[in-house]
Structures are given as structure tokens and as C-alpha cells.
A.B. asks: 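My questions will all concern the structure given below.
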Amino acid sequence: MGRVGLGLAVGCAVVTCAIAAALVSRSVRRRWRWGQAVALVRELEVACDTPVGRLRQVVDAMAVEMHAGLASDGGSKLKMLLTFIDNLPDGTEEGTYYALDLGGTNFRVLRVQLGGKGSMILSHKVESQPIPQELMTGTSEELFTFIASILKRFVQSENDGFQQLPDDRKDLGFTFSFPVKQLSISSGVLIKWTKGFSIEDAVGKDIAQCLNEAMTKIGLNMRVAALVNDTVGTLALGHYNDEDTVAAVIIGTGTNACYLERTDAIIKCQGLLTNSGAMVVNMEWGNFWSSHLPRTSYDIALDDESPNRNEQARITGFEKMISGMYLGDIVRRVLYRMAEESDIFLDPAKNLSVPFILRIMLLEKKCRHHPEGSSTNFLDDSPDLTEVGRVLEEHLKISRVPLKVRRLVVRVCDIVTRRASRLAAAGIVGMLKKTGRDGSGGVASGRTRGKPRRTVVVVEGGLYIGYTMFKQYLNEAIGEILGDEVAPYVLLKVSEDGSGIGAALLAAVYSSNR
Ligand code: BGC
């Protein structure tokens, strides 16, 4: 081999070595980045961990805060709002009642026909439509004129056998799912907006009066007979169907709970008398906070950037860890950090930097066809997670996501969901503990002849109803906290449209014509 040949061979060897070295280094880098992504998920898992011991601490903290909120206004993060509802529907209600349900992503108008004892709800008709985004941040007049006109159209469109409204005034149930300080059953002032609504001039106003005025203006002869929170509507329908129902929980865009409390336990209203000796209390538990809540750096960042941030739950409260409005954004934040630190998405993941772009879409919808309990993969039934890939492409514009990355995305969703559902379970047991139905205090606290009392809690909301794993994790956690002896006596019942139908039922209970 001549000098030229030798030079050529050496050159080739050098190039080959360089290529091999580059390939090795690229693969080492890729593996390192993948390791980073996996480490981030592991870190998240540890930070979101909710062993039963921690859940029990949350239960105790919830019960303590409930006591404090009932003792004085402002005494706790839990507002424990009075509702003035001392009687829940029992099946004797009769007649046709209307209801409006405003509070989440959709707005509903309902008509419910009640048959009185024995026949119960004869029929109900619901019309639902999304609230235009601009009305969520406009003026109160615009919002109330809009809902009053939808109601008027609904009433006028009735031609399916129901009579048109008679000349006399009709009583209406109004579900308004925001914190309201009630002045009576049919009036109350808005304390603050939540869930992305922000209509400044409405804060401090009597919400029922706003609607009454809007209805009068457009010539609709109706009056708010019951102004209720969605939890209260849900409890009303739950109790109508099963008289052992003592509490209601909403887990949807927002989250909250209400329950039946003895009036003598509502210290802040000493001397308050009710016919039944009890009153429904709207906890506004979205604002609950305890140092026992597992809080991550993503939650802290979410606090700093979320809407309504100067109001309640400045520090991550229950709502931000549990409800559909926020879960998607926690997932987005984790994925964004993964994309930044580990480069796992092949496409530039620019959309991941947009707050609230995920909302509940990714989390809520993908499990629709998931057969209950058949697998832990709640996002997608297909073995290659095609649906996850489709969501990432459609909503985040990230295409060509490898299977192992899709699996990681599913894991992130699972961690965030599991924490949410287990914390909601702790909240429910907290309520049971406060009312002596958790079995911890023996006979004095809810046991009859050694047995715990049958207790029904109705649960409503898209996250609980539409999301199989959420429900499963929540039920599991209730069982873990309560233990085998008490858990069988606590029934969680799913409610649908309870918030609206319940408002119509309460309008019937508190109707001036009754
Ligand atoms: C509101 C509650 C409501 C809950 C569920 C929260 O954001 O503050 O009043 O019950 O959402 O809709």
C-alpha cells in the first residue's frame, strides 16, 4: 500500500470513528434526556403522593376548619355559607316549575313537572348551551339579560302538551354556582367570581334581584323563589330520591360541597331557628387549604398565574388541586417542563406554554369508552395510545409523539388525577367526621345499636361522572380512610342534572303559592 493508500485508509478510519463517536454521543444524550423526563415524572409522583395517613390528616383539618367556619364569619378558609334551606323536598311537591342553572361551562334552562306524593317527577325538559366567552367577563346587565332572554325563549317554545304560562307570576329556581352570601332563600349577594368568570360590577350585588330585574325588563312574569348553589340543588334532588342523603359534592369545572347541619352547631348564628332544627350549609370547600395538602412547584406556579388570583385560594386550595378547570393546566405545566428540560417531543411544543390550553379536554374526554376497571390506562383503550397522540396533535400541535412519550403523558395525567380524587375523598370523609358519620366516635356519633348509620352522599360533575378512573380512585380512597367496618354504610350516588332539577324542587318547596 502506497502512502496515498495508507493516508486514505487512516482518513476513512478517522471519519468512521468520528461518525461512530457522534452517534454514540447522540444516543447517550438522548438517553440522558429521556432519563431526565422520567425523573421529572418520578419527582411528581412523590410530590403528589397521598398515602392514607396523609389523607387522614386532611380529613381532620377539614373537620377543624368546618368547626371554625361555623363559629364565626372569616374564622376559617371555609366560608360555611348559610343557605336558609331548612326543608328539603320530600316528594309531596306538585306543579310545574322552571329553573336556571348557571355556573360552569354551560348554562341550562329547565322545566320540571312534579306530580306530588307517589308520582314524583313526571317529566323534565332541559336545554343547555355554552356561555359566550365575552359574557363571562362583561357586565352584569349583559349576562342577566342574556340568561333571561334564553329563559323567555324556552318558555315560549313550549308547545309539546304543556300549557303556556298563566298570567300569574311563576316561581323560578335559580342555581348560581359561585360563592354567595345569602340574605334569605330568595336573595343573596355575590362574594366573588370563580371558574374564569369575572364581571366586576356584579360583586356585592343581589344576584336574584339582578335576574328579577332582567326578567321584568323583557316582560317575563317570573320571580326567583329559591337562589341556590349547585351543591344545594344536587342535595335537594338527592334527598328527594333518598332521604338518607345528607351531603352533596360537585366535581366538575369547579368543586364544592354542602351538607345538612344542626342549627345549634352553627354558632355564628346563635338564636337561629329553623322548622327542622337543621340547615343546609354551603361549605365553599374549593377554598380549603391545609399544610397537609401535597403541593408541588407546578401548583405554586399555577397560583401565580391563575384567574381570580387575588381572591380566595391565593394559595393552592382544594379547587386548584381537584377541579377540571385546573387539572389540565397542571398537566400542561409538567409537560412543558419536560419539553424544556428533556426535549422528548420531536416537534417544538410551543402551545404548551399557553395557559389553560389543555383545560379538561385531555383529562376528561378520552376515557369515555373505557370499560370500568379493566385497565389503569384511563386515557385511551388502544394499546398504542393513538387517541393520546391525536389529542396532543390536535390541541397542542405536537405530532409524531413516540409511544413511550405518550405513555409518560398518560402517567402524568394519572398522577394528577389520582391526587385530585383522593383529596376529594378526604374532603368527603371530613364532612362525615364533622357530622359524626365517619364511625370514629362510636354510638354518640352516628351509630345506632352499634351499627353506623346509612349515609348517602350525592356526587355530580363532569370529572366524577365522565372520568372512570377519577370515580374509581375516589371510591377506593373513601374505603381506605373509613375502613371495612364503616365504608359499606357510606354510599356515593351519582347525580345528573341535580343542580338544576333540585333548584326547581326547591322553588316548589319555597313557592309563595304553596
Ligand atoms: C364555586 C362554588 C361551586 C363550585 C362547583 C366553585 O368554583 O365557588 O360555588 O359550587 O365551583 O360548581
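Every number for a ligand or one of its atoms is a count from 1 in the order of the listing.
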A.B. asks: Of the backbone atoms (N, CA, C, O) and the side-chain heavy atoms from C-beta on, which set of T253 has a member under 4.0 Å from an atom of ligand 1: side chain, backbone, both, or neither?
C.D. replies: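 None of T253 does.
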A.B. asks: Can you name the atoms of ligand 1, numbered from 1 with element, that are less than 4.0 Å from a heavy atom of E284?
C.D. replies: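 The atoms of ligand 1 under 4.0 Å from a heavy atom of E284 are 1 (C), 2 (C), 8 (O), 9 (O).
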A.B. asks: If you count the atoms of ligand 1 from 1 in the order shown, which ones are under 4.0 Å from a heavy atom of G254?
C.D. replies: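 Within the 4.0 Å cut-off of G254, ligand 1 contributes 5 (C), 11 (O).
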A.B. asks: Could you check whether the rings of F197 and W193 sit parallel, tilted or perpendicular, using 30° and 60° as the cut-offs?
C.D. replies: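 Ring orientation of F197 relative to W193: parallel.
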A.B. asks: Under the side chain to side chain donor-acceptor pair (under 3.5 Å) rule, collect the residues that match up with E65, sequence neighbours excluded.
C.D. replies: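 Counting only residues at least two positions away or on another chain, E65 forms a side chain to side chain donor-acceptor pair (under 3.5 Å) with S76.
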A.B. asks: Between D230, V232, T234, flag the one that comes closest to atom 10 (O) of ligand 1 by a heavy atom.
C.D. replies: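 Looking at heavy atoms only, the winner is D230.
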A.B. asks: Does K181 have more than 12 heavy atoms from other residues, nucleotides or ligands lying within 6.0 Å of its NZ?
C.D. replies: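 Check fails, neighbour count at 12 or below.
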A.B. asks: Should the heavy atoms of other residues, nucleotides or ligands under 6.0 Å from CD of E394 be counted, would the total exceed 12?
C.D. replies: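 Enclosed: over 12 neighbouring heavy atoms sit under 6.0 Å from CD of E394.
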A.B. asks: Under 4.0 Å from a heavy atom of F178: which atoms of ligand 1 are those, numbered in the order shown and with their elements?
C.D. replies: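 Those of ligand 1 that fall under 4.0 Å from F178 are 9 (O).
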A.B. asks: For ligand 1, which atoms sit closer than 4.0 Å to a heavy atom of T194?
C.D. replies: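 That gives atoms 1 (C), 6 (C), 7 (O), 8 (O) of ligand 1.
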A.B. asks: Hey, does P179 sit under 4.0 Å from ligand 1 if you only count heavy atoms?
C.D. replies: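 Contact present.
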A.B. asks: Are side-chain heavy atoms of V189 and K205 found at a separation under 4.5 Å?
C.D. replies: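 Result no, sub-4.5 Å side-chain heavy-atom pair not found.
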A.B. asks: Please determine if T231 has a nitrogen or oxygen closer than 3.5 Å to a nitrogen or oxygen of ligand 1.
C.D. replies: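 Among all N and O atoms of T231, none is under 3.5 Å from an N or O of ligand 1.
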A.B. asks: Suppose we screen for side chain to side chain donor-acceptor pair (under 3.5 Å). Which residues come up paired with N275, at least two apart in sequence or across chains?
C.D. replies: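 N275 satisfies side chain to side chain donor-acceptor pair (under 3.5 Å) with no residue once adjacent residues are dropped.
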A.B. asks: May I ask you to check whether N282 has an N/O atom sitting below 3.5 Å from an N/O atom of ligand 1?
C.D. replies: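 Not met; the criterion fails.
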A.B. asks: Can you spot which of L423, V429, D60 makes a side-chain contact (heavy atoms from CB on, under 4.5 Å) with L55?
C.D. replies: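 Answer after filtering L423, V429, D60: L423.
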